[in-house]
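Working notes for the structure below.
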Amino acid sequence: QVQLVESGGGSVQAGGSLRLSCAAYGYGSSSRCMGWFRQAPGSEREGVAAISSSGGVVNYADSVKGRFTISRDNAKNMLYLQMNSLKPEDTAMYYCAAAPLTTCSGGVWTVPGRYYYWGQGTQVTVSS
């Protein structure tokens with residue numbers, strides 16, 4: 001069982017930065033593929049970034065490449081998402097999620113159904 005708790009969301013102006021954190025509790029949390037997803041009202045949940053257990057494999061959605069950075073600290077059971085140059089279209093509820101190891105390198109990291117543990121979400125609002 002893995003429990004995920006996100007924090008760090010808030011309201012910023014366009015061009016600003018935020019750092020999201022996700023604390024993972026439970027057996028095996030450090031040996032899983034971890035991802036960040038977001039969902040805006042009326043939209044489907046979309047994959048933002050994912051990182052393998054070692055950090056050696058990272059994936060990003062095209063819309064955030066060059067602006068967002070995913071990282072993890074397995075010793076602290078923490079997952080992070082550094083978000084720079086934020087845009088109004090980044091406004092959404094952000095969720096962290098855990099998946100089997102193979103999800104990160106199998107080309108399916110953007111599929112929500114591949115993740116079986118989810119946090120409660122943290123809201124990010126970017127104003128123009």
Side-chain angles (χ1 to χ4, degrees):
Q1 184 75 14
V2 175
Q3 182 182 6
L4 304 174
V5 180
E6 303 96 335
S7 62
S11 297
V12 296
Q13 290 190 327
S17 298
L18 282 174
R19 188 193 195 203
L20 305 184
S21 299
C22 174
Y25 303 94
Y27 178 75
S29 59
S30 63
S31 61
R32 302 178 191 272
C33 170
M34 300 294 294
W36 285 100
F37 284 74
R38 66 186 181 186
Q39 188 168 19
S43 299
E44 293 185 354
R45 192 166 295 192
E46 65 169 338
V48 175
I51 185 168
S52 64
S53 59
S54 67
V57 176
V58 293
N59 302 283
Y60 294 99
D62 288 343
S63 58
V64 306
K65 281 181 181 177
R67 300 188 299 123
F68 290 10
T69 302
I70 189 171
S71 62
R72 65 191 296 168
D73 184 337
N74 288 336
K76 298 180 179 179
N77 289 324
M78 295 294 295
L79 177 72
Y80 304 101
L81 185 68
Q82 178 66 44
M83 305 186 296
N84 299 328
S85 302
L86 282 161
K87 304 176 181 180
E89 51 263 44
D90 294 319
T91 295
M93 185 73 77
Y94 283 71
Y95 301 89
C96 69
L101 279 174
T102 56
T103 300
C104 275
S105 56
V108 293
W109 70 271
T110 60
V111 179
R114 293 285 181 166
Y115 296 76
Y116 39 63
Y117 295 114
W118 292 84
Q120 82 289 348
T122 186
Q123 178 68 37
V124 172
T125 302
V126 185
S127 58
S128 58

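Everything numeric here is computed off the predicted structure, so don't read it as measured data.
- Hydrophobic clustering (ILVMFWY, side-chain heavy atoms < 4.5 Å, transitive): M93 and V12 are in distinct clusters.
- Atom CG of L4 is separated from atom OH of Y95 by 13.0 Å, given to the nearest 0.5 angstrom.
- By the ring-ring contact (aromatic ring centres under 6.0 Å, His included) test, F37 is found to be paired with Y115, W118, residues two or more places apart in sequence or in another chain being considered.
- Hydrophobic clustering keeps M34 apart from M78 (ILVMFWY residues linked when any side-chain heavy atoms are closer than 4.5 Å, directly or through intermediates).
- Proximity of L18 to V124: side-chain heavy atoms (C-beta onward) are separated by under 4.5 Å at one or more points.
- At least one side-chain heavy atom of Q82 sits less than 4.5 Å from a side-chain heavy atom of S17.
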Can you give the donor-acceptor pairs under 3.5 Å from side chains of residues 40-50 to other protein atoms, not counting sequence neighbours?
{"residue": "R45", "atom": "NE", "partner": "Q39", "partner atom": "OE1", "Å": "3.2"}
{"residue": "R45", "atom": "NH2", "partner": "Q39", "partner atom": "OE1", "Å": "3.3"}
{"residue": "E46", "atom": "OE2", "partner": "R38", "partner atom": "NE", "Å": "2.7"}
{"residue": "E46", "atom": "OE2", "partner": "R38", "partner atom": "NH2", "Å": "3.3"}

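- Put simply, the side chain of Q120 reaches to within 4.5 Å of the side chain of V5, judged on heavy atoms.
- The OG atom of S53 sits 6.0 Å away from the CZ atom of R72 when rounded to the nearest 0.5 Å.
- Here SG of C104 is found 7.5 Å from CD1 of I70. Values are rounded to the nearest 0.5 Å.
- By the side chain to side chain donor-acceptor pair (under 3.5 Å) test, R67 is found to be paired with D90, residues two or more places apart in sequence or in another chain being considered.
- Rounding to the nearest 0.5 Å places CG of L79 at 7.0 Å from CD1 of I51.
- Distance CG/N77 to OH/Y25: 9.0 Å, rounded to 0.5 Å.
- One hydrophobic cluster, built from ILVMFWY side chains closer than 4.5 Å, cannot hold both L101 and W109; they sit in different ones.
- Checked by atom type and distance alone, the side chain of T122 pairs as donor or acceptor with a backbone atom of G9 at under 3.5 Å.
- When all heavy atoms are compared, the tightest approach of F68 to Y60 is O-CE2, 3.2 Å.
- Across every non-hydrogen atom of V58 and G55, the tightest pair is CG1-O, 4.0 Å.
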Please lay out, stage by stage, how V126 and E89 fare under the test side-chain contact (heavy atoms from CB on, under 4.5 Å).
CA-CA 8 Å; V126 185; E89 51 263 44; over 6 Å; no
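- Geometric assessment of R19 against the ring of Y80 yields a positive cation-pi assignment under the 6.0 Å and 45° thresholds.
- In Y116, the OH atom is crowded: over 12 heavy atoms of neighbouring residues, nucleotides or ligands sit closer than 6.0 Å.
- Atom CZ of R114 sits in a sparse spot, with 12 or fewer heavy atoms from other residues, nucleotides or ligands closer than 6.0 Å.
- To the nearest 0.5 Å, atom OG of residue S52 and atom CZ of residue R32 are 14.5 Å apart.
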